[in-house]
K.L.:
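Have a look at the structure that comes next, please.
All residue numbers refer to positions in the sequence shown, counting from 1.
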Amino acid sequence: MTLLLVLVGGFVGAPLRYVIDQHVRSRQGSAMPWGTLTVNVLGSLVLGAVVGASTAAGWPSWVATLVGTGFCGALTTFSTFGFETVRLVEDGAVGSALVNVVASLAAGLLAAFGGWAAAAALVTAVS
């Protein structure tokens, strides 16, 4: 059952990542990998919200498997983040690589915390 939940979540998350990444890339012309940054921050926000809501509402564990592991695991791509950062360094864009690392880590952590806090507050207010 766990494998099926991860597959179903990934079946939705992976194409969504591709669409968002291509959409963002088509609207910017810099070497900065904004598409990857966008999907990673969005995935961090959703994962934080799932954890916050699960904790506050006591959701069953299969929800975390479906959305957290499957969907968010396929939506985010930290391997691409690493690859693109190394590519920036190899291309001599060390400043952009540094900005990519700092922005990805800071925005990802803030998004995860914001999603967690908002979802927990919403569940508490509703119940």
K.L.:
Does Leu37 reach the side chain of Trp34, with side-chain heavy atoms less than 4.5 Å apart?
P.N.:
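Heavy-atom side-chain distance check passes, below 4.5 Å.
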K.L.:
In this structure, which one of Leu16, Val19, Thr77 forms a side-chain contact (heavy atoms from CB on, under 4.5 Å) with Val39?
P.N.:
Thr77
K.L.:
Which heavy atom of Trp116 sits nearest a heavy atom of Gly52, and at what distance?
P.N.:
CD1-CA, 3.2 Å
K.L.:
Answer yes or no: are there more than 12 heavy-atom neighbours, outside Phe78 itself, under 6.0 Å from its atom CZ?
P.N.:
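Enclosed: over 12 neighbouring heavy atoms sit under 6.0 Å from CZ of Phe78.
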K.L.:
Could you see if Leu66 belongs to whatever hydrophobic cluster contains Val12? Use Ile, Leu, Val, Met, Phe, Trp, Tyr and a side-chain cutoff under 4.5 Å.
P.N.:
yes
K.L.:
Which heavy atom of Ser44 sits nearest a heavy atom of Gly108, and at what distance?
P.N.:
CB-O, 3.4 Å
K.L.:
According to a hydrophobic-cluster definition based on side-chain heavy atoms being under 4.5 Å apart (Ile, Leu, Val, Met, Phe, Trp, Tyr only), do Leu4 and Phe71 belong together?
P.N.:
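Linked within one cluster.
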K.L.:
What distance separates Glu84 CD from Ser96 OG, expressed to the nearest 0.5 Å?
P.N.:
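Atom-to-atom, Glu84:CD and Ser96:OG are 12.0 Å apart.
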K.L.:
For the atom pair CE (Met1) and OG1 (Thr65), what is the distance rounded to the nearest 0.5 Å?
P.N.:
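That separation rounds to 9.5 Å.
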K.L.:
Would Val126 and Leu122 count as a side chain to side chain contact (heavy atoms under 4.5 Å, CB included) here? Give the steps.
P.N.:
CA-CA 6 Å; Val126 170; Leu122 182 64; 4.3 Å; yes
K.L.:
Closest heavy-atom contact between Leu88 and Pro33?
P.N.:
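It is CD1-CD, 3.9 Å.
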K.L.:
Within a strict 4.5 Å, meaning less than it, do heavy atoms of the Val123 and Ser127 side chains meet?
P.N.:
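Val123 vs Ser127: side chains touch.
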K.L.:
Should Val24 and Leu42 be regarded as members of a common hydrophobic cluster, given that ILVMFWY residues are connected when their side-chain heavy atoms come within less than 4.5 Å of each other, either directly or indirectly?
P.N.:
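They do share one cluster, since a chain of ILVMFWY contacts under 4.5 Å joins Val24 to Leu42.
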K.L.:
Give, for atom OG1 of Thr76 and atom CG of Leu45, the distance between the pair rounded to the nearest 0.5 Å.
P.N.:
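The CG atom of Leu45 is 12.5 Å from OG1 of Thr76, to the nearest 0.5 Å.
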K.L.:
How close do Ala49 and Ala119 get, heavy atom to heavy atom, and via which atoms?
P.N.:
O-CB, 3.2 Å
K.L.:
Give, for atom CZ of Phe81 and atom OG1 of Thr36, the distance between the pair rounded to the nearest 0.5 Å.
P.N.:
9.5 Å
K.L.:
Honestly curious: do Val101 and Leu110 fall in one hydrophobic cluster under the side-chain, below-4.5 Å linking rule?
P.N.:
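Result: no, two separate clusters.
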K.L.:
Sub-3.5 Å donor-acceptor pair from the side chain of Arg17 to the main-chain atoms of Ala74, do we have one?
P.N.:
yes
K.L.:
State plainly whether one hydrophobic cluster holds both Val41 and Val46, where clusters connect Ile, Leu, Val, Met, Phe, Trp and Tyr through side-chain heavy atoms under 4.5 angstrom apart.
P.N.:
yes
K.L.:
Can you name the closest pair of heavy atoms from Gly43 and Cys72 and give their distance?
P.N.:
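Here Gly43 and Cys72 meet closest at O-SG, 3.7 Å.
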K.L.:
Would you please say whether a donor-acceptor pair under 3.5 Å links the side chains of Asn100 and Thr85?
P.N.:
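Side chains of Asn100 and Thr85: pair found under 3.5 Å.
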